[in-house]
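What follows is one structure encoded as structure tokens, with my remarks underneath.
No experiment lies behind these values; they were computed from the predicted model shown. Remember, it's 1-based here, ligands and their atoms both numbered in the order they're listed.
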Amino acid sequence: MENGTHFRTCHLCEAMCGVAIEVKDGHISSIKGDENDPLSRGHICPKAVALQDLHEDPERLRKPVRKTPDGWKEMEWDEAFDLVARKLHRTRTDHGRNSIGVYLGNPNVHNHGSLVATMPFLRAVGSQNRFSATSNDQLPHMLTSLEMFGHQILFPIPDIDQTDLFICIGANPMASNGSLMTVPDFRGRLKRLKSRGGKMIVVDPRRTETAKLADEFHFIRPGSDALLLMAMVHTLFQEELVNTGPAGPLVKDVDLLRLASLSFSPEAVAEHTGIQADAIRQLARQLATTPKAALYTRMGTSTQAFGGIATWLAYCLNILTGKLDVPGGVLFTQPAIDLVAIGAMSGQNGHFGKRHSRVRGLPEFAGEYPASTMADEILTPGDGQIRAFVTVAGNPILSNPNGRRLDEAFEGLDFMVSVDYYLNETTRHADVILPPTAALERSHYDLIFSMFAVRNTAKYSDKLFDAGPDSRHDWQILLELAHRLEKLRKGGNLPLRSELGWRTFKKLGPDPILDLMLRSGPYGASGQPLRGLAQPALDLIIDLLPKRHPLRGLANLSSMNRRWEDLPKGLSLSALRNQPHGVDLGPLKPTLPDRLFTRDGKINLAPRRFLDDLERLHKKLELSPEDGLMLIGRRHVRSNNSWMHNSQRLVKGKDRCTLMLHPKEASRLGLQTGDSAEVNSSAGKIVLPVEITEDIMPGVVSIPHGWGHDREGSGQSIASSHAGASINDVISDAQIDDLVGTSVLNGQSVNVKVWRPTRQRKRA
Ligand SMILES: Nc1nc2c(c(=O)[nH]1)N[C@H]1C(S)=C(S)[C@@H](COP(=O)(O)OP(=O)(O)OC[C@H]3O[C@@H](n4cnc5c(=O)[nH]c(N)nc54)[C@H](O)[C@@H]3O)O[C@H]1N2
Ligand SMILES: Nc1nc2c(c(=O)[nH]1)N[C@H]1C(S)=C(S)[C@@H](COP(=O)(O)OP(=O)(O)OC[C@H]3O[C@@H](n4cnc5c(=O)[nH]c(N)nc54)[C@H](O)[C@@H]3O)O[C@H]1N2
Ligand code: SF4
Ligand SMILES: [Mo]
């Protein structure tokens with residue numbers, strides 16, 4: 001690679017920071033923030049410099065490896081593809097197509113090549129037993145968007161750059177840099193918010209790094225957000241504060257929501273939530289009376305027993321107070337590659353509950369079953385039992401509830417293959433590991449997170465290093481396997497047209513598809529606005545078509561569409577190549593009603609599914625709050641889920657994998673600073689050091705996820721020497737949000753006691 005500075009997007013988390021990478025003599029000499037990136041404006045976090053560690057990590061796999069009785073052995077790519085395709089095909093012919101399970105992990109969504117190649121790969125595998133990190137994450141948001149706005153990935157994004165009141169519930173953007181809100185430099189943006197006279201309110205069971213910057217903070221009991229939010233809705237109606245604003249004419253069923261909220265008065269929920277009735281009323285009033293305000297909820301309210309209802313109510317609160325589609329409130333983005341519109345064009349708005357999982361009867365979502373039932377489907381004998389497994393960029397042993405049970409499940413498989421460049425807690429179970437190129441060795445365009453960003457931007461980065469001919473990108477691995485599986489299924493040969501199709505796809509890869517999507521998108525280079533009568537004529541024709549006609553979608557997609565007339569034009573891959581810092585497409589703007597995808601063109605405020613689930617919430621209200629300790633998670637700015645602990649500079653310093661608890665609980669349990677505690681639950685037990693702090697609510701304990709690198713056979717030596725314990729070894733996979741199927745990662749009950757090493761215990 002040439003000496004000099006290369007600009008690209010950091011792909012590690014959702015924040016999409018622009019980085020400037022200095023290369024000298026073929027090596028990285030520095031990584032800094034790119035001051036000219038229109039979204040991040042120079043911001044980076046400590047993980048960005050670890051891009052170098054990932055790139056140079058000698059333990060990162062570069063060639064396929066196969067498990068043998070004498071340990072792992074390298075193999076050639078062709079041999080590996082052949083073996084994997086044959087094994088998967090064999091499983092399919094012997095046991096049926098659902099006997100192959102597939103799990104897609106989080107890094108896939110940071111990788112446009114993977115995203116493009118996943119669809120043909122999944123089709124070639126043909127199994128309904130698909131899982132992903134979605135059901136440990138944003139699934140409630142997807143269901144809510146599908147039910148209310150008619151599309152599963154059309155999320156209202158807080159307009160943090162223009163708002164005057166930011167209410168942050170169950171999220172910690174100071175550590176996470178935002179989620180379903182791509183917000184690089186949250187601290188700087190918050191500073192500007194405050195300097196315009198705005199304020200931030202945080203609601204969380206822990207006084208987080210974000211909470212410490214808040215103007216107002218409330219502890220909340222884990223899992224009780226739906227009650228808090230319902231009481232806020234109740235207050236709005238009771239105090240006649242409902243004003244649906246500009247989106248009002250589109251909103252239906254306001255009365256249904258009013259009726260639903262009747263019994264949830266602030267007084268009724270105060271004890272359950274731990275927040276006083278007056279404070280709840282004040283929250284509702286502030287949201288209602290601040291013209292530019294946004295209420296935002298994330299992991300803490302999403303991955304819990306009432307994640308579905310809580311997420312729905314959060315959206316409702318923004319709508320009832322007139323914040324939807326208003327600058328400074330919450331808005332839909334207008335990305336350069338609009339996967340929402342593209343999906344809708346082909347009828348892919350999303351679906352829920354079309355079929356149910358074999359063992360527990362849980363609903364599919366967008367073709368996937370809840371990750372919490374993965375082990376059930378592998379361990380339970382019978383027709384349709386999973387016997388072979390594929391993981392792509394996932395580490396479910398550490399990221400999925402009940403990792404130990406999943407260890408047992410993976411161990412019993414007939415065959416397992418992992419597309420991953422680390423030998424870790426999950427991939428150690430595989431028979432073959434297929435390692436893709438690292439991020440700096442491939443091109444990058446953020447297809448997904450550009451859609452959730454607080455500002456519309458577009459940026460493409462070419463690969464920085466060439467991995468050489470003996471390497472494969474994720475998309476190459478997935479397409480090659482798909483092609484071979486198809487051929488085996490068809491008995492050896494494909495029809496000429498189809499064979500040509502595969503070869504072309506494998507030769508060109510994802511970037512020409514990016515180009516096509518950019519060109520035909522709202523800022524595309526392909527079309528100029530139509531002149532004269534052509535435009536009204538086109539509008540007339542489009543109006544004649546049924547709402548879901550693909551031509552309507554196509555017209556919406558084209559940059560000729562009149563509602564996109566005012567947008568800047570000219571985007572294509574080559575245009576972006578000429579703008580290495582990225583292109584600014586402006587702040588969030590109103591997009592309604594065009595951007596609704598519901599059949600009747602309305603916003604469905606009270607979908608039946610959510611109303612039906614309220615019975616469960618009523619029951620919670622009737623019972624007194626549980627005693628005992630509730631477990632929640634946490635994130636740290638120097639970690640990224642489970643997979644960045646092999647970077648010395650990220651793990652150095654004091655142990656971060658601790659059990660946080662309040663001094664009151666510590667003294668009740670006889671725990672002191674420096675002690676270790678045993679945490680146990682129905683799922684299992686772990687031991688870890690305690691951290692006693694008043695920053696956590698009494699009755700709650702917190703453990704970060706992604707640790708537990710002491711499992712035997714993993715090939716990450718730095719991670720193993722900073723092993724920590726896995727929270728997911730004490731989180732049960734039996735508990736899910738009954739409505740949505742999301743794992744309950746926050747709010748499960750645990751027991752905690754002092755732990756002493758065996759020798760000392762014997763002496764005592
Ligand atoms: N208790 C608890 N559990 C949680 C969470 C929590 O808050 N609490 N958070 C959940 C959330 S939000 C998420 S998203 C999940 C994440 O869960 P997963 O997606 O299952 O796991 P990751 O830790 O992201 O692991 C990513 C894997 O991909 C590999 N990898 C990295 N980059 C690439 C690449 O470019 N290509 C390929 N092929 N492989 C790559 C890494 O080596 C690693 O094995 O965890 C969930 N689990
Ligand atoms: N540094 C870093 N950044 C990351 C990641 C990472 O692992 N490390 N992961 C990335 C991924 S995959 C994701 S999905 C995002 C997640 O982004 P965030 O949602 O911002 O992540 P968390 O830090 O898990 O924030 C969840 C918050 O909810 C609180 N909480 C727990 N239970 C409850 C509850 O019942 N009610 C309420 N109100 N709050 C509760 C927790 O204390 C925590 O502060 O972060 C992304 N960014
Ligand atoms: S905040 Fe996220 S995107 Fe930005 S530098 Fe850190 S890891 Fe990369
Ligand atoms: Mo996530």
Are Asp37 and Arg8 ion-paired here, with the side-chain N under 4.0 Å from a carboxylate O?
no
Which atoms of ligand 3 have any heavy atom of Ala48 under 4.0 Å away?
5 (S)
Contacting atoms of ligand 2, where contact means under 4.0 angstrom from a heavy atom of Asp137:
14 (S)
Tell me the protein heavy atom at minimum distance from atom 20 (O) of ligand 2, and give that distance in Å.
Ser176 OG, 2.7 Å
Within a strict 4.5 Å, meaning less than it, do heavy atoms of the Phe365 and Thr742 side chains meet?
no
What protein heavy atom lies closest to atom 33 (C) of ligand 2? Include the residue and the distance to one decimal.
Gly300 O, 3.4 Å
Do any nitrogen or oxygen atoms of Pro205 come within less than 3.5 Å of a nitrogen or oxygen of ligand 2?
no
Heavy-atom distance under 4.5 Å between the side chains of Ile280 and Thr273, does that happen here?
yes
Just so I know, are the side chains of Leu313 and Phe610 near enough to count as touching, which here means a heavy-atom distance under 4.5 Å?
no
Which residue from Ser639, Pro222, Gly633 reaches closest to atom 2 (C) of ligand 2 through any of its heavy atoms?
Ser639
Side chains of Arg206 and Ser702: do they bring a donor and an acceptor to under 3.5 Å?
no
With atoms numbered from 1 as shown, which atoms in ligand 2 lie under 4.0 angstrom from a non-hydrogen atom of His636?
1 (N), 2 (C), 8 (N)
Looking at Ser743, is its backbone amide N or carbonyl O close enough to the side chain of Ser372 to form a donor-acceptor pair, meaning the two atoms are under 3.5 Å apart?
no
Atom 35 (O) of ligand 2: nearest protein contact (heavy atom, Å)
Gly223 N, 2.8 Å
Can you list the atoms of ligand 3 that are under 4.0 Å from a heavy atom of Lys47?
7 (S)
When distances are taken from atom 2 (Fe) of ligand 3, the protein heavy atom at minimum range is Cys13 SG, 2.3 Å
Could you tell me which atoms of ligand 2, counted from 1 in the order shown, lie closer than 4.0 angstrom to a heavy atom of Arg298?
14 (S), 19 (O)
What about Asp204: any of its N or O atoms under 3.5 Å from an N or O on ligand 2?
yes
Look at atom 31 (C) of ligand 2 and say which protein heavy atom is nearest, naming residue and atom and giving the distance to 0.1 Å.
Asn746 OD1, 3.4 Å
Have a look at ligand 2 and work out which part of Ile220, if any, has a heavy atom under 4.0 Å from it: side chain, backbone, both or neither.
side chain
Say whether Gln286 and Glu216, considering side chains only, have a donor N or O and an acceptor N or O under 3.5 Å apart.
yes
Check each heavy atom of Glu14 against ligand 3 and say whether those closer than 4.0 Å belong to the side chain, the backbone, both or neither.
neither
Please confirm whether Gly747 comes under 4.0 Å of ligand 2, counting heavy atoms of the residue only.
no
Which ligand 2 atoms, with their elements, are less than 4.0 angstrom from a heavy-atom of Gln304?
35 (O)
Nitrogen or oxygen atoms of Ser224 and ligand 2 under 3.5 Å apart:
no
Counting heavy atoms under 4.0 Å, the part of Val637 that contacts ligand 2 is backbone
Looking only at protein heavy atoms, which one is nearest to atom 36 (N) of ligand 2, and how far off is it?
Asp225 OD1, 2.7 Å
Could you check atom 4 (Fe) of ligand 3 against the protein and tell me its nearest heavy-atom contact, residue, atom and distance included?
Cys17 SG, 2.3 Å
Asp215 side chain vs Met200 backbone, donor-acceptor pair below 3.5 Å:
yes
Between Asp161 and Arg189 (salt bridge meaning N to carboxylate O under 4.0 Å), is one present in this structure?
yes
Which atoms of ligand 2 sit under 4.0 Å from any heavy atom of Val203?
38 (N)
Within 45° cone of Phe217 ring axis and under 6.0 Å: Arg207 NZ or CZ
no
Between Cys10 and atom 8 (Fe) of ligand 3, is there a contact where an N/O/S atom of the residue lies under 2.8 Å from the metal?
yes
Going by the order shown, which atoms of ligand 3 are within less than 4.0 Å of some heavy atom of Met16?
3 (S)
Could you check whether Asn395 and Tyr422, counting side-chain N and O atoms only, form a donor-acceptor pair closer than 3.5 Å?
no
Can you pull out the closest protein heavy atom to atom 7 (O) of ligand 2? Residue, atom name and distance to 0.1 Å, please.
Asn641 N, 2.7 Å
Report yes or no: does a heavy atom of Arg634 sit under 4.0 Å from some atom of ligand 2?
no
Whether Asp185 and Lys191 form a salt bridge (side-chain N of Lys/Arg under 4.0 Å from carboxylate O of Asp/Glu) is what I want to check.
no
Mode of Ser179 contact toward ligand 2 - side chain, backbone, both, neither (heavy atoms, under 4.0 Å)
side chain
Candidates Gly33, Cys45, Ala15; heavy atom nearest atom 6 (Fe) of ligand 3 found on Cys45
With heavy-atom distances below 4.0 Å as the criterion, list the atoms of ligand 2 near Ile169.
38 (N)
Which atom of Lys47 lies closest to which atom of Ser639, heavy atoms considered:
CD-O, 3.4 Å
Donor-acceptor check, side chain of Asn640 to backbone of Cys13, threshold 3.5 angstrom: yes or no?
no
Can you tell me which residue and heavy atom of the protein come closest to atom 26 (C) of ligand 2, and the distance to 0.1 Å?
Gly170 O, 3.4 Å
Flag for Arg635-Ser176: side-chain donor and acceptor within less than 3.5 Å:
no
Any N/O pair His705/ligand 2 closer than 3.5 Å
no
Using a strict 4.0 Å cut-off to heavy atoms of Leu12, name the atoms of ligand 3 that fall inside it.
7 (S)
Can you tell me if Arg187 uses its side chain to pair, donor with acceptor, with the backbone of Leu213 under 3.5 Å?
no
Among protein heavy atoms, which sits nearest to atom 5 (C) of ligand 2, and what does the distance come to when rounded to 0.1 Å?
Arg635 NE, 3.2 Å
Please check if the side chain of Asp737 supplies one atom and the backbone of Gly307 the other of a donor-acceptor pair under 3.5 Å.
yes
Going by the 4.0 angstrom heavy-atom rule, the piece of Met299 near ligand 2 is both
Does some non-hydrogen atom of Lys47 fall short of 4.0 Å from ligand 2?
yes
Considering only non-hydrogen protein atoms, determine which one is nearest to atom 1 (S) of ligand 3 and report residue, atom name and distance to 0.1 Å.
Asn177 ND2, 3.3 Å
Can a side-chain donor-acceptor contact be found between Asn136 and Asn400 if the only test is distance below 3.5 angstrom?
yes
Does Ser145 reach the main-chain N or O of Met142 with its side chain, forming a donor-acceptor pair under 3.5 Å?
no
Counting both backbone and side chain atoms, is some N or O of Asn106 under 3.5 Å from an N or O of ligand 2?
no
Go through the side-chain N and O atoms of Asp446 and Thr9 and say whether any donor and acceptor fall under 3.5 Å apart.
no
Taking only heavy atoms of Ile632 into account, list the atoms of ligand 2 that are under 4.0 Å away from them.
31 (C), 32 (N), 42 (O)
Short side-chain donor-acceptor distance under 3.5 Å, Ser749 and Glu626
yes
Could you tell me whether the side chain of Arg221 reaches within less than 4.5 Å of the side chain of Pro625, counting heavy atoms only?
yes
Looking at ligand 2, is there an atom of it that comes within less than 4.0 Å of some heavy atom belonging to Thr208?
yes
